[in-house]
S.K.: 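Handing you this structure, nothing more for now.
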Amino acid sequence: MSVVSLLGVNVRNNPARLTDKYELEITFECLEQLEKDLEWKLTYVGSATSTQYDQELDSLLVGPVPVGVNKFVFEADPPKAASIPSSEVLGVTVILLTCAYDGREFIRVGYYVNNEYETAELNADPPAQPILEKIQRNILAEKPRVTRFAIKWDSEASAPAEFPPEQPEADLQADEEEYGAEELAEEAEEEAAADEESKAAMNIDGDADMAGTAEAAAADEDEEESDDGSVDLEDESEDELEEEGEGEGDGEAADGDDAMEVDDKPAAAAGKQQVMAH
């Protein structure tokens, strides 16, 4: 269990110019008397592709921390535009509010920030060199991304287990009073809805596969029937040829002509080949 819980963050000047200071009103609760101070930091993410453009805007030590609910205002300087790639001054970026105790970070809050010009004309045709005085920032304060870490506080008993035991489902649920709990619940609902859609799509695909399998089986049966028909045709052709051969033999015996018997055998063989070819 965390000794310090973040209850809320209120961005006091939002929206504001890119060159204005950040003013964050932070409310947290402390459950035990702490021996050391809390260290708060605000970081500006200058680029989405590399961490080398991240800027630590300011840091603040808060202490001694009394037991109970505490509130203070964290003011931080704006980012240095010279340290941000000119192609990434405008658009969406992120600021990170973190808190650590004795060098161990236990909470991190991320906010999306949208930087754009104050006028529609400049947004439609932005200049090659950004005009910092006319850029406005807008922090999406209603949708924070909160991440918590289990750390050791003052006593060994508060240290996280190396292999934590299994916890009941009630312990896995976020506290309603904790900051960002509503956003976590919304994300869980969205993931559940996405899973249901995926299952429905899989059922549809499965039905289609079954239908295709049935059609393939029917086609195989047709082919087998066709093969059986060709065999019957061959047998019938042979029977007809034998009957014709017998009739011709009788005629030859009556006439006594040996030359006709020699000529009829190739003809019967040629007739059989024609039937098989057909």
Side-chain angles (χ1 to χ4, degrees), residues 2 4-28 38-62 72-101 103-118 122-123 126-127 129-151 174 178-191 194:
S2 179
V4 176
S5 299
L6 182 63
L7 301 181
V9 178
N10 180 28
V11 184
R12 301 178 68 174
N13 57 339
N14 187 47
R17 293 180 182 272
L18 180 64
T19 55
D20 291 345
K21 287 187 175 183
Y22 290 86
E23 296 182 9
L24 307 178
E25 185 180 74
I26 301 173
T27 305
F28 66 93
L38 297 175
E39 184 180 10
W40 297 84
K41 290 182 181 180
L42 187 64
T43 304
Y44 183 89
V45 178
S47 175
T49 59
S50 176
T51 58
Q52 65 177 348
Y53 298 105
D54 292 356
Q55 300 182 43
E56 183 180 318
L57 303 182
D58 207 343
S59 62
L60 178 66
L61 292 175
V62 177
F72 70 98
V73 177
F74 185 13
E75 293 186 358
D77 295 330
K80 298 178 181 179
S83 302
I84 305 174
S86 58
S87 61
E88 300 195 46
V89 173
L90 297 174
V92 179
T93 185
V94 175
I95 59 172
L96 298 174
L97 175 66
T98 62
C99 188
Y101 181 75
R104 297 182 288 271
E105 180 180 332
F106 64 90
I107 193 165
R108 178 183 301 174
V109 184
Y111 295 97
Y112 289 110
V113 182
N114 184 32
N115 297 324
E116 61 181 1
Y117 284 107
E118 298 175 345
L122 289 174
N123 287 322
Q129 188 66 25
I131 305 175
L132 302 180
E133 296 76 13
K134 296 185 178 181
I135 296 178
Q136 185 181 39
R137 70 166 185 252
N138 188 5
I139 302 174
L140 190 60
E142 296 80 10
K143 297 291 183 180
R145 296 294 182 265
V146 183
T147 306
R148 299 175 179 85
F149 307 96
I151 67 167
E178 289 184 350
Y179 189 58
E182 296 180 358
E183 288 71 20
L184 293 175
E186 292 178 359
E187 290 181 357
E189 292 178 357
E190 293 176 357
E191 292 178 358

S.K.: Measure the CD1-CG distance between I26 and L7 for me, rounded to the nearest 0.5 Å.
M.R.: 11.5 Å
S.K.: Please name the pair of heavy atoms, one in D58 and one in F74, separated by the smallest distance, quoted to 0.1 Å.
M.R.: O-CZ, 3.6 Å
S.K.: How long is the straight-line distance from NZ of K80 back to CD of Q55, given to the nearest 0.5 Å?
M.R.: 7.0 Å
S.K.: To the nearest 0.5 Å, tell me how far D77 CG sits from T19 OG1.
M.R.: 11.5 Å
S.K.: S83 and Y53: which non-hydrogen atoms are nearest, and at how many Å?
M.R.: O-CD2, 3.4 Å
S.K.: Where do L42 and A76 come nearest, in terms of heavy atoms and distance?
M.R.: CD2-CB, 3.7 Å
S.K.: Which heavy atom of Y22 sits nearest a heavy atom of P78, and at what distance?
M.R.: CE1-CA, 4.1 Å
S.K.: Can you measure from CG (L18) to CD (E118) and round to the nearest 0.5 angstrom?
M.R.: 10.5 Å
S.K.: Please verify the inter-ring angle class for F28 with F72; under 30° counts as parallel, over 60° as perpendicular, anything in between as tilted.
M.R.: perpendicular
S.K.: Among I139, D20, V113, L24, find the residue that satisfies the side chain to side chain contact (heavy atoms under 4.5 Å, CB included) test when tested with N14.
M.R.: I139
S.K.: Write down the atom of V9, the atom of Y111, and the distance for their closest heavy-atom approach.
M.R.: CB-OH, 3.3 Å
S.K.: Which pair of heavy atoms, one from K134 and one from L122, lies closest together, and at what distance?
M.R.: CD-CD1, 3.8 Å
S.K.: Measure the spacing between CG of N114 and CD1 of I135 and express it to the nearest 0.5 Å.
M.R.: 11.0 Å
S.K.: List the residues meeting salt bridge (charged side-chain N to carboxylate O under 4.0 Å, His left out) with E116, not counting sequence neighbours, and say none if there are none.
M.R.: none
S.K.: Return yes if some donor-acceptor pair links the side-chain N/O of N115 with the main-chain N/O of V89 below 3.5 Å, else return no.
M.R.: yes
